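One-based numbering, in listed order, for ligands and for the atoms of each. This structure is a prediction, so every number in the text was calculated from the model and none was measured.
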Amino acid sequence: MALTMTLELQALLLTCLVLLLHQKDPGAGAQKYPDFKLQQSQGPVVMATGETLTLNCTVSGLGPIGPVKWLKGSGSSSQTFYDLKGPFPPRVTRAVDESNTDFTIHIRDVRLEDAGTYYCVKFIKVIDGEEVFKSGEGTEVSVHARPSEPVMSGPSRRAVPGQSVPFTCSAAGFFPRDIQVKWLKNSVSVQAEPPNITPELSRSSYNMSSTIQVTLREDDIRSELTCEVQHITLADPLRRTYALRQALRVPPNVSVVAAPPGAVEVNKTVNFTCHVRGFYPGPATVTWLENGTETNAGSTTRPRETSRGLYELKSTVTVQAGEEKNGSRFTCRVVLKNLKPISSTGTLRIAAPAQWGPSDSCTGDNSAILLSSPGIWLGLLLEKVLLAIVLFFLFKRSRP
Ligand SMILES: *[C@@H]1O[C@H](CO)[C@@H](O)[C@H](O)[C@H]1NC(C)=O
Ligand SMILES: *[C@@H]1O[C@H](CO)[C@@H](O)[C@H](O)[C@H]1NC(C)=O
Ligand SMILES: *[C@@H]1O[C@H](CO)[C@@H](O)[C@H](O)[C@H]1NC(C)=O
């Protein structure tokens, strides 16, 4: 008797327990459908944006009435992603349409916001709706995004050699956060601080920017600065190159040379040539001033690129050496954008009619060459030597 009671009690308790479990934990209802199996055993998946994601889920055996749905996220953040009834999310398709056993789905053109954990869930219909009957283990999906093509920017204005200027390389929209930036100047590595990484507004990807300071040199006209971005999503680093000449402004060397170089006779013509050498960038304006007053005279050549990559040009004024112009100063003034004008002056010297000496010289201020005298000196010397030879022979002859 006592034994029957115990057995009956046990059976009752068990029934109660089953009922209780059925109500509290819907998953326990599985015991009613022992053959029912839901298979979602796909491990974590790493995708790149734009790829197609396949989420596998199959069911077998007899199950209760109720739909199979895909949920994204778990707990309170869980939301129905795809209920296989519609309206279907635009990028989602079923692998096997209308199938009652294969609930595998494809998500086309994966985006960063598709990252998350997806659960394949079998629901059971209850009086007031439906409850979870059995849930898959969930498939964790990470979406990796390639950084955008890097963008490089230099100083806002050109700088002269010797100045230190910033260069910035940036790339956007990558995931995960880890990224490496390398700087090279003419293929030689340049030391740089680690990049500054910030989350994007949506927080599903990151942006980075890396800045370095470079002291410009005159020969950087042919130099290149390269920023190399390496990320887990890239087989080869992304590169961006900046030609340093875009950041350079090289002031010219200006000098005035007179031709002929010495003092000239009255009414002869003299050419003052202004040599403007080694400047960058190309455009340069040359004006001539006669004794400080601007003149319209002078013809200027177009800038010519030298083998060093810098430019040079020359400008010439032709002057009629009227007596009243003795001592006139001819100034060549070179103007390059955003640089102070650079000048050089030549002075016209007119020889006094009867006077021929080394003091009467015409020079460019910067050239400081007294070319007029050597010819005359040489002439004088030669004359003396010839005279000496003639005298020597006469002397020899006079003494038999
Ligand atoms: C001055 O320049 C003109 C034209 O450029 C040239 O014909 C002339 O020979 C030059 N004169 C001298 C003295 O160099
Ligand atoms: C120079 O030229 C001016 C005017 O052309 C003339 O009056 C003067 O006699 C000339 N002088 C010489 C030394 O030839
Ligand atoms: C020109 O000036 C120099 C120096 O000022 C002087 O020696 C020379 O005699 C002058 N020439 C003439 C033609 O006046």
Side-chain angles (χ1 to χ4, degrees), residues 218 221 249-337 339-387:
E218 197 178 296
I221 219 85
R249 183 184 313 289
V250 183
N253 193 303
V254 179
S255 65
V256 171
V257 173
V264 292
E265 283 174 53
V266 171
N267 287 357
K268 284 267 152 61
T269 54
V270 179
N271 290 341
F272 285 99
T273 300
C274 181
H275 295 276
V276 185
R277 296 190 176 101
F279 62 95
Y280 195 90
T285 312
V286 179
T287 47
W288 284 94
L289 298 94
E290 186 175 345
N291 297 320
T293 307
E294 211 168 294
T295 67
N296 279 329
S299 69
T300 306
T301 62
R302 298 175 69 84
R304 189 182 75 86
E305 196 181 340
T306 65
S307 57
R308 289 171 61 212
L310 298 170
Y311 287 98
E312 65 179 24
L313 59 75
K314 56 188 181 182
S315 180
T316 305
V317 275
T318 302
V319 179
Q320 180 88 27
E323 209 165 342
E324 77 288 356
K325 289 195 190 261
N326 193 15
S328 283
R329 285 171 296 111
F330 291 87
T331 303
C332 160
R333 190 173 63 189
V334 182
V335 179
L336 268 90
K337 204 178 159 208
L339 276 182
K340 272 197 256 172
I342 301 169
S343 301
S344 179
T345 300
T347 306
L348 181 65
R349 298 253 178 253
I350 299 170
Q355 208 181 323
W356 290 96
S359 59
D360 300 314
S361 57
C362 171
T363 67
D365 279 7
N366 287 19
S367 57
I369 322 163
L370 303 168
L371 279 173
S372 75
S373 26
I376 294 160
W377 287 118
L378 204 68
L380 288 173
L381 195 69
L382 216 62
E383 188 194 315
K384 300 270 188 307
V385 170
L386 278 171
L387 192 69

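For the pair Phe279 and Val254, the minimum side-chain heavy-atom distance is 4.5 Å or more. Using a 4.5 Å heavy-atom cutoff, the side chains of Ser344 and His275 are not in contact. In this structure, Pro251 and Leu336 have side chains that are not in contact, with every pair of non-hydrogen atoms separated by 4.5 Å or more.
Lys337 pairs by the side-chain contact (heavy atoms from CB on, under 4.5 Å) definition with Arg249, not counting sequence neighbours. Partners of Glu218 by side-chain contact (heavy atoms from CB on, under 4.5 Å), not counting sequence neighbours, listed by chain and number: Pro161, Val250, Arg308, Leu310.
Between Phe272 and Phe330, the ring-plane angle classifies as parallel under the 30° and 60° cut-offs.
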N/O donor to acceptor pairs below 3.5 angstrom from side-chain atoms of residues 296-303, sequence neighbours left out:
| residue | atom | partner | partner atom | Å |
| --- | --- | --- | --- | --- |
| Thr300 | OG1 | Ser315 | OG | 2.9 |
| Thr301 | OG1 | Lys314 | N | 3.0 |
| Thr301 | OG1 | Lys314 | O | 3.2 |

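Using a 4.0 Å cut-off to heavy atoms of Pro260, the atoms of ligand 1 that qualify are 13 (C).
The contact shell of ligand 2, taken as protein residues with any non-hydrogen atom closer than 4.0 angstrom, comprises Val266, Asn267.
The backbone N or O of Asn267 lies less than 3.5 Å from a partner atom in the side chain of Gln320, making a donor-acceptor pair.
Distances from ligand 3 to the non-hydrogen atoms of Ala351 include at least one value under 4.0 Å.
In terms of N/O distances under 3.5 Å, ligand 1 is approached by Asn271. The shortest N or O to N or O distance between Asn326 and ligand 3 is below 3.5 Å.
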